Amino acid sequence: TMLGAGVVLAVIASIYPAYYITSVPPAFAIKGSFGNTTKGRRLRSVLLSLQFFIAISLIICTMFIKQQHSFMMNYDMGFNREHLLSVRLGGDAMYLTEDGQRPTLESLLKENPMIEGVTFSQNRMVSHDARQGWGREIIGENRDISVEVQVVTPNFLEVMGIEITEGRNFEPRDMQNPNGSVIYNETARRRFNLTMDTRVAYYEDGKVSEVIGFCKDAKMRPLQYETPPMIFYLYGMNLYYPQLYIRTTEGADFEAVKAYIEESILKLAPKAKPEDIKVEFFDEQLGREYEKEKELTRLITVFSLISILIALMGVFGLVFFETQYRRREIALRRVHGAQISEILRMFVMQYARMVGVAFLFAVPVSYLIMSRWLEGYAYHIPLYWWVFALALLIVLAVTSAIVLARSWKAARENPVNALYKE
């Protein structure tokens, strides 16, 4: 398919040049003035300006996508990401996370002086995948709430650095509560006008989970999504918590800590396999949530480089063409006192104008494209003016360098030689 498409495109791309060349009156070709016809110069200028337009647009889009990706990776998620490891357990290793085994695993891990905290949850901290959602009735108010649920162990908010804004944090004694304990985020409090006294029936028989507090919003979904109303839920029954988060000391040796984690898990679960244990930095786990943006950045960067290369090839060829066909003009300018710098400035300004015209068209097009793309993110960067200016400067600088390098020889040529040859 690629080969066929390439052949078809090559044929299409060659049709107009072939038609144009064969339509030239023979007299022009014999005189050697075909390249200097108004129509020919206009065509070359339009094609090169189109290449500049594509190059500038792609550079602008590439820079904005990179800025957005960097913004997402460094955004304040509402919890502490420093020195945080993610450990995902599967297979037989997952059985260590049930209530009967979890304290043993936590104690063994914390024996390592490089490990400061260990906590568990049923889901990843940040994920595109939707968590379980609960729609429940507020008792006595004849209205419902709908929240996402993150089931955690007592020290989860403490280890993750999520601040309590009212009430208290989970405590080990809450594990004995048969109906579970709940901490709402601030988004849930605002949206549903909740208080510490609000009673929500979290079970079909009307049993009420104890509301023990409210906490600051933590970004539990990628930045494409608004922060949803959610609860951290502590339930003392026998549950599995396959996701571990481990806080290490500053400067801890990652490979040593990773080896210790794997060794500890395999010691307690000898039937588990090493592939059941996935240890990584939290930022690596977060990075996978933005893999599409990362791949898009790579793809557009490649297209930008190709576009710039094509444009530079066009500039090089056109400058070569111009200097050959304008040798007489250059020689006459030199004879009449024009300096080399003036000749060079003449060529540079000619191509700078093309870049300027292309820039005027590229700005609104790339602005519209990036505006629409950023609308897909609940949290995103503004469209910085300096990105547009930088794209213009990059193309201008590279183009000017090529023009100066190629026209330098023509500008320095002895005008007598040029006039003699002409």
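Sequence positions, counted from 1, serve as the residue numbers for this chain. From a predicted model like this one, the values you see are computed outputs, not experimental measurements.
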So, are E148 and R221 salt-bridged, with charged N and O less than 4.0 Å apart?
yes

Under-4.0 Å salt bridge between E186 and R189
yes

Is the distance between the ring centroids of F170 and F232 less than 6.0 Å?
no

Are T227 and D217 close enough that a side-chain donor and a side-chain acceptor fall under 3.5 Å?
no

What's the separation between atom CZ in R247 and atom CZ in F282, rounded to the nearest 0.5 Å?
9.5 Å

For E158, I'd like to know if atom CD has over 12 heavy atoms of other residues, nucleotides or ligands within 6.0 Å.
no

For E210 against N177, the heavy-atom pair lying closest together
OE1-ND2, 3.5 Å

Do the side chains of L109 and I246 get nearer than 4.5 Å, heavy atoms only?
yes

is_close_aromatic(F361, F52), centroid dist under 6.0 Å
no

I'd like to know if R288 pairs up with D283 as an ion pair, taking the criterion as any Lys NZ or Arg NE/NH1/NH2 lying under 4.0 Å from an Asp or Glu carboxylate oxygen.
no

Do we see a donor-acceptor contact under 3.5 Å between the side chains of T119 and N155?
yes

Establish, yes or no, whether the cationic atom of R143 lies under 6.0 Å from the six-membered ring centre of F192 and within 45° of the ring axis.
no

Neighbour count >12 (heavy atoms, 6.0 Å) for atom CG, L9:
yes

Other residues, nucleotides, ligands: >12 heavy atoms within 6.0 Å of Y240 OH:
yes

Can a salt bridge be assigned to the pair R136 and D144 using a cut-off of 4.0 Å between side-chain N and carboxylate O?
no

Carefully, step by step, assess Y233 and W134 under the rule ring-ring contact (aromatic ring centres under 6.0 Å, His included).
CA-CA 11 Å; Y233 188 61; W134 285 355; 4.9 Å; yes

How about CD on E250, more than 12 heavy atoms from neighbouring residues, nucleotides or ligands closer than 6.0 Å, or not?
no

For a quick test of reading the model, state the closest non-hydrogen atom pair linking A362 to S57 and the distance between them.
CB-OG, 3.3 Å

Return the orientation label for the Y75 and Y379 ring planes: parallel under 30°, perpendicular over 60°, tilted otherwise.
tilted

For the atom pair CD (E171) and CG (L234), what is the distance rounded to the nearest 0.5 Å?
10.5 Å

Show your working on ring-ring contact (aromatic ring centres under 6.0 Å, His included) between F254 and F281 and close with a plain yes or no.
CA-CA 9 Å; F254 170 72; F281 288 109; 4.3 Å; yes

More than 12 heavy atoms of other residues, nucleotides or ligands under 6.0 Å from OH of Y367: is that the case?
no

